[in-house]
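Naming: A, B, ... by sequence-line order, numbering from 1 per chain.
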Protein chains: 2
Amino acid sequence: MEEKVRYLSRIYQHPDLGIEDIQKLAAVHEKVSFKKGDFILQKGEILNEYYILEKGLFRSFVHDYQGNDITIDFFSENDILIEVSSLFQRIPTQENIEALTDSVAYKIDFTDFQELFHKLGGFSEWGRSWMSSSLFSFKNRSTLMRVESARERYERLLKEKPTVGKMAPLKHIASYLGITDSTLSRIRKVR
Amino acid sequence: MEEKVRYLSRIYQHPDLGIEDIQKLAAVHEKVSFKKGDFILQKGEILNEYYILEKGLFRSFVHDYQGNDITIDFFSENDILIEVSSLFQRIPTQENIEALTDSVAYKIDFTDFQELFHKLGGFSEWGRSWMSSSLFSFKNRSTLMRVESARERYERLLKEKPTVGKMAPLKHIASYLGITDSTLSRIRKVR
DNA sequence: TTCATTTCTTGCCCTAGGTCAAGTATTTCA
DNA sequence: TGAAATACTTGACCTAGGGCAAGAAATGAA
């Protein structure tokens, strides 16, 4: 129990969140494990919880209009495992979220979240700030897609999420980067 | 005054926001006008307000590591004119935001925003929901960058923001789409 | 273990879009 | 209203990365 609080206080960092707040949060987080291949969300469902990923690797993906599997995002250790628009706007998602390795996470239900979001001022501040940095990184990604070459994007990914380079199958990485498997294979060959 | 309330109630739509809430919001929104070429934000500054754009067209842009001007986003009528991470995380921005036409907007200061955000439950819900749809559209954009051809992206933009096609200079549209001016010019030539 | 499936590599050829540079057209503002 | 600046077009050529297909390697299920 102590360990849960210690871990969550590393995730929920905000000047307005005191130790008692973290304890209230910890009380509604439940430890869960996943096997490689498990799904936490599938197209058409409404997400009812989110997870803090303590150990392991997930990816989210969609199918484009030609049926191709496109990786949207990778989630690695200490990331928040979530599909924001489905959870917060209560609408069916386009995305699927799948475990690429066995994993451990802390789960919190939407109703518990909602209650504390309105009760703890620091928590809603934390949430807004998490969302805004998440918005920033998607904005950034779409800029970098326009500006960097395939190799540059690959090298950036390796630097930012080293686990992905080691654990994710090449085809998922390729679709995440917006290139084909063959091209990624060739990029990898040369250093 | 009545007109301001009427207009803002079209923007701030949420089940938990009643007419009295909108009136409180309207009280802290101030009508402002801009001339073509005005900036509301420049690299290095911290944004202290946001705007609801009633009339006109803006764009945000950055310079990449080679000094090229890259358009990040266009803002047209009824859009929220904002740079989220600077405003909410109180950090200096990377972006510039510039009026492409004479414009009219409603301005709200961060301190007023902050007060009502914590006072009106419906307003923080509205904010979260606005952010999550904004997150969704950036996520979407970075997917479409990977999946669609240059011409498809251009045609989507025309459909989604028709004013942009008419008012924005070709080079800004091109950098928004991630292509060169020459290519966009050629795309336009053929229908 | 072995057979099947999935993952990755590689060769050959092709194309969307880039680069550069020289126009032409349109704005802008003195 | 006319000169300078900016916006747009177009041609000639080039290149990053795609498409396809065949094979090698790794994984996995029985």
Side-chain angles (χ1 to χ4, degrees), chain A residues 35-38 57 59 61 63-71 74 96 98-102 142-158 163-191, chain B residues 34-39 57 59 61 63-71 74 96 98-102 142-158 163-191:
Chain A
K35 286 251 156 274
K36 175 174 179 174
D38 286 354
L57 182 65
R59 70 165 188 130
F61 65 99
H63 293 279
D64 72 6
Y65 60 101
Q66 285 170 43
N68 303 308
D69 172 321
I70 312 288
T71 295
F74 290 107
N96 307 276
E98 177 195 19
L100 294 178
T101 65
D102 293 356
S142 86
T143 306
L144 294 170
M145 278 306 292
R146 285 175 267 170
V147 158
E148 292 184 329
S149 69
R151 153 164 275 121
E152 287 169 323
R153 277 175 272 149
Y154 176 62
E155 279 166 2
R156 170 183 303 275
L157 174 62
L158 289 190
T163 2
V164 172
K166 282 161 208 138
M167 312 289 292
L170 176 143
K171 66 174 172 185
H172 296 334
I173 300 178
S175 76
Y176 175 88
L177 296 172
I179 59 181
T180 58
D181 314 18
S182 325
T183 298
L184 180 52
S185 175
R186 284 188 255 260
I187 286 173
R188 276 184 164 173
K189 191 170 53 162
V190 188
R191 78 180 285 282
Chain B
F34 298 98
K35 287 249 155 276
K36 176 174 179 174
D38 286 353
F39 278 77
L57 183 64
R59 69 166 189 130
F61 65 99
H63 293 281
D64 72 6
Y65 59 101
Q66 284 170 44
N68 303 310
D69 173 322
I70 312 287
T71 296
F74 290 108
N96 307 274
E98 177 196 20
L100 295 178
T101 65
D102 293 355
S142 85
T143 306
L144 294 170
M145 279 304 293
R146 285 175 268 170
V147 158
E148 292 185 328
S149 69
R151 154 163 273 121
E152 288 170 322
R153 277 175 272 150
Y154 177 61
E155 279 166 2
R156 169 183 304 275
L157 175 62
L158 290 191
T163 1
V164 172
K166 282 161 206 137
M167 312 289 292
L170 177 141
K171 66 174 171 185
H172 296 334
I173 300 178
S175 77
Y176 175 87
L177 296 173
I179 60 182
T180 58
D181 315 18
S182 326
T183 298
L184 180 51
S185 175
R186 286 189 253 259
I187 286 174
R188 277 184 163 174
K189 191 169 52 159
V190 187
R191 78 176 286 280

Gap between atom NZ of K189(A) and atom CD1 of I187(A) - 0.5 Å precision: 12.0 Å
List for me each residue that meets ring-ring contact (aromatic ring centres under 6.0 Å, His included) alongside Y154(B), sequence neighbours excluded, and say none if there are none. none
Using side chain to side chain donor-acceptor pair (under 3.5 Å) as the criterion, list what pairs up with S142(B), not counting sequence neighbours. none
Which residues pass the side chain to side chain donor-acceptor pair (under 3.5 Å) test with T180(B), sequence neighbours left out? T183(B)
With sequence neighbours left out, write down each residue that passes side chain to side chain contact (heavy atoms under 4.5 Å, CB included) with R156(A), or none if nothing qualifies. L144(A), E148(A), E160(A)
Rounded to whole Å, NZ of K189(B) lies from P of dA25(C) at a distance of 14 Å
Under the side chain to side chain donor-acceptor pair (under 3.5 Å) rule, collect the residues that match up with E152(A), sequence neighbours excluded. S149(A), Y65(B)
Taking heavy atoms of chain B and a 4.0 Å limit, find me the 5'-most and 3'-most nucleotide of DNA chain D within that range. dA7(D) to dA12(D)
Would K36(B) and D102(B) pass as an ion pair if we require N to O under 4.0 Å? no
Roughly how far, to the nearest 0.5 Å, is the CG atom of L158(A) from the CZ atom of R153(A)? 13.5 Å
In residues 171-186 of chain B, what residues come within less than 4.0 Å of DNA chain C, judged by heavy atoms? G178(B), I179(B), T180(B), S182(B), T183(B), R186(B)
For G165(A) against R188(A), the heavy-atom pair lying closest together: O-NH2, 3.5 Å
Contacts of T163(A) meeting side chain to side chain contact (heavy atoms under 4.5 Å, CB included) (sequence neighbours excluded), chain-then-number -> S76(A), M167(A)
Can you give me the bend angle of the helix from dT1(C)-dA30(D) to dA30(C)-dT1(D)? Use the axis through the first five pairs and the one through the last five, nearest 10 degrees. 60°
dA16(C) C1' sits how many Å from M145(B) CE, rounded? 14 Å
How would you list, by chain and number, every residue that makes a side chain to side chain contact (heavy atoms under 4.5 Å, CB included) with A168(B), sequence neighbours excluded? L57(B), F74(B), L100(B), V164(B), I173(B)
Kindly give the atom pairs (protein nitrogen or oxygen, nucleotide nitrogen or oxygen) under 3.5 Å for nucleotides 26-30 of chain C.
unit_1  : atom_1 : unit_2 : atom_2 : d
dT28(C) : OP1    : K36(B) : NZ     : 3.3

To the nearest angstrom, how far is R188(B) atom CZ from dA25(C) atom P? 17 Å
Qualifying residues under side chain to side chain donor-acceptor pair (under 3.5 Å), relative to T71(B), sequence neighbours excluded: R59(B), S175(B)
4.5 Å side-chain heavy-atom contact, D69(B) and H63(B): yes
